[in-house]
Amino acid sequence: MNSGTLDTTHSGTPPDRNPAIELRGASKVFRTPSGAEHTAVRDLDLTVGRGEFVAVVGPTGCGKSTTLTLVSGLEEPTEGEVLIGGDPVTGIRPEVGFVFQQDAVFPWRTVLSNVMAGPRFRGVPKAEARERALDWLGRVGLAAFADRYPHQLSGGMRKRVALAQTFVGDPSILLMDEPFSALDVQTRALMSDELLELWGGGRPGGTAASVVFVTHDLEEAIALADKVVVMTAGPATVKEVFPVRLPRPRKVESIRLEAEFVEIYREIWSSLGEEVRITRERGADRVA
């Protein structure tokens with residue numbers, strides 16, 4: 001349907017000439033414990049516009065998470081380029097927020113202290129860090145739990161802490177690696193709605209963060225994103241990019257009932273399903 005270089009949002013606007021994120025021919029090769037080489041992603045071209053919400057789907061183990069680590073600066077590409085705002089990524093950058101699959105909280109700190117930690121590490125005065133943390137705890141509905149510890153919270157509440165931890169840093173780039181995968185279906189839908197509300201609220205100045213959201217759940221990807229990127233079986237590269245022109249604002253559970261949603265799902269699955277089958281056949285061959 002679309003090439004990997006297409007950059008069209010749900011609104012049908014032209015490609016961003018000054019995109020937030022670019023990967024140009026990016027490849028990443030890891031050395032395994034046995035000394036062999038493993039190529040996680042190969043010749044990866046991907047563009048994310050400013051304020052754009054991009055979901056990345058693909059077979060298990062194809063290299064989706066590696067794509068995020070390249071953008072974050074946690075890993076360097078073996079070949080190719082990764083750029084943020086036109087500048088090469090040479091390390092971890094303060095404008096990039098990362099929400100991991102596992103909760104990245106300090107178990108010995110209170111909820112308030114966890115959310116304050118990022119600003120404090122960046123040199124923000126304690127009083128200001130506390131004020132900002134309390135503001136974000138209020139936005140995610142946890143103001144009454146500021147003095148609790150992570151083990152006293154439900155899974156959904158801990159994810160709210162993770163969102164507050166990330167948004168309090170005012171990121172212009174938001175990377176999310178299957179952040180809701182461990183939650184039950186109902187809580188997952190609520191968290192998706194909450195994420196859209198926080199993202200749609202924008203940053204100071206009215207600019208929304210640019211989001212790259214990795215998920216195994218195609219319905220989640222369509223419900224959240226401006227475009228869905230389908231990755232090939234590993235080593236991953238971009239196979240196709242599908243614009244999602246569903247209107248915003250969205251409610252995850254209701255948008256899934258729309259006829260256009262079902263049509264988009266079928267179209268993307270026809271592409272993604274091929275890669276899932278390839279991955280399964282490879283696994284069966286290894287067992288045999």
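Residues Leu190 and Glu194 fail the side-chain proximity criterion, which asks for heavy atoms closer than 4.5 Å. Contact check for Ile21 versus Ile173: side-chain heavy atoms found under the 4.5 Å cut-off. Counting only heavy atoms from C-beta outward, the side chains of Leu142 and Val115 never approach each other to under 4.5 Å. Residues Pro119 and Val168 form a side-chain contact, since some pair of their non-hydrogen atoms from C-beta on lies under 4.5 Å apart. At least one side-chain heavy atom of Leu246 sits under 4.5 Å from a side-chain heavy atom of Ile222. By the 4.5 Å heavy-atom criterion applied to side chains, Ser113 and Phe106 are not counted as neighbours. Residues His38 and Val29 are not in side-chain contact: their nearest non-hydrogen atoms beyond the backbone lie 4.5 Å or more apart. Within the 4.5 Å cutoff, the side chain of Arg160 has heavy atoms near those of the Met191 side chain.
Ring planes of Phe213 and Phe53: tilted class, angle from 30 to 60°.
In the hydrophobic clustering of this structure, Trp108 groups with Phe121; members are Ile, Leu, Val, Met, Phe, Trp, Tyr whose side-chain heavy atoms approach within less than 4.5 Å, directly or through other members. Linking Ile, Leu, Val, Met, Phe, Trp and Tyr residues whenever their side-chain heavy atoms come within less than 4.5 Å leaves Leu70 and Leu83 in two separate clusters. Hydrophobic clustering of Ile, Leu, Val, Met, Phe, Trp and Tyr side chains at less than 4.5 Å, counting indirect connections, unites Tyr265 with Val230. A single hydrophobic cluster is not seen to contain both Leu153 and Tyr149; linkage of ILVMFWY side chains at heavy-atom distances under 4.5 Å, directly or through other members, places them apart. Clustering ILVMFWY residues whenever any of their side-chain heavy atoms sit less than 4.5 angstrom apart, transitively, puts Trp199 in the very cluster that holds Leu183.
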Open item on the list: Under the criterion side-chain contact (heavy atoms from CB on, under 4.5 Å), I'd like the reasoning laid out for Val140 against Phe167: C-alpha separation, chi angles, the key distance, then a yes or no.
Closed with: CA-CA 10 Å; Val140 300; Phe167 278 98; over 6 Å; no
Task: Steps toward side-chain contact (heavy atoms from CB on, under 4.5 Å) verdict (Lys227, Val244) - done: CA-CA 5 Å; Lys227 69 184 181 187; Val244 179; 5.5 Å; no
Task: side-chain contact (heavy atoms from CB on, under 4.5 Å) between Arg109 and Met116, worked out - done: CA-CA 10 Å; Arg109 288 178 177 260; Met116 288 177 59; over 6 Å; no
Task: side-chain contact (heavy atoms from CB on, under 4.5 Å) assessment of Leu163 paired with Arg139 - done: CA-CA 10 Å; Leu163 291 178; Arg139 296 194 200 189; over 6 Å; no
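Here the closest heavy-atom approach between residue Lys251 and residue Ser254 is recorded as O-OG, 3.1 Å. Across every non-hydrogen atom of Arg245 and Glu260, the tightest pair is O-OE2, 4.1 Å. Taking each heavy atom of Arg256 and Val262 in turn, the nearest pair found is O-CG2, 4.3 Å. A pairwise comparison of heavy atoms in Cys62 and Ala236 identifies O-CB, 2.8 Å as the closest pair. A pairwise comparison of heavy atoms in Glu81 and Ala26 identifies O-CB, 4.1 Å as the closest pair. Closest approach of Ala133 to Leu112, counting heavy atoms only: CB-CD1, 3.7 Å.
Cation-pi contact between Arg148 and Phe145: absent, since separation from the ring centre below 6.0 Å together with deviation from the ring axis within 45° is not met. With Trp269 as the aromatic partner, Arg266 does not meet the cation-pi criteria of under 6.0 angstrom to the ring centre and within 45 degrees of the ring axis.
Taking CZ from Phe180 and CG from Leu195, the interatomic distance works out to 5.0 Å, rounded to the nearest 0.5 Å. Residue Leu44 holds its CG atom at 5.0 Å from OG1 of Thr67, rounded to the nearest 0.5 Å. With rounding to the nearest 0.5 angstrom, the CD atom of Glu274 is 11.5 Å from the OG1 atom of Thr232. How far CE of Met231 is from NZ of Lys239: 12.5 Å, rounded to the nearest 0.5 Å. One distance of note links CZ of Arg158 with CG of Asn114; it measures 11.5 Å at 0.5 Å rounding. Rounded to the nearest 0.5 angstrom, Glu178 CD and Leu68 CG are separated by 9.5 Å.
Arg132 has no carboxylate O lying under 4.0 Å from a charged side-chain N of Asp170, or vice versa, which leaves the two without a salt bridge. Ionic pairing of Arg277 and Glu281 is not present here: no N-O contact between side-chain nitrogen and carboxylate oxygen is shorter than 4.0 angstrom.
The backbone N or O of Ser210 lies less than 3.5 Å from no partner atom in the side chain of Glu52, so there is not a single donor-acceptor pair. At distances below 3.5 Å, at least one donor-acceptor pair connects side-chain atoms of Lys28 with backbone N or O atoms of Glu76. A donor-acceptor pair under 3.5 Å links the side-chain atoms of Ser270 to the main chain of Glu267, judged by distance alone.
Of the listed residues (Val71, Leu74, Thr166), just one forms a side chain to side chain contact (heavy atoms under 4.5 Å, CB included) with Phe98, and that residue is Leu74.
The number of heavy atoms from other shown groups lying within 6.0 Å of CD (Gln152) is above 12. Atom CZ of Arg130 sits in a sparse spot, with 12 or fewer heavy atoms from other residues, nucleotides or ligands closer than 6.0 Å. The 12-atom threshold is exceeded at CD of Glu253, counting heavy atoms of other residues, nucleotides or ligands nearer than 6.0 Å.
Residues Ser181 and Gln101 have side chains that bring a donor and an acceptor to within less than 3.5 angstrom of each other. For the residue pair Asp43 and Thr237, no side-chain donor N or O sits within less than 3.5 Å of a side-chain acceptor on the partner.
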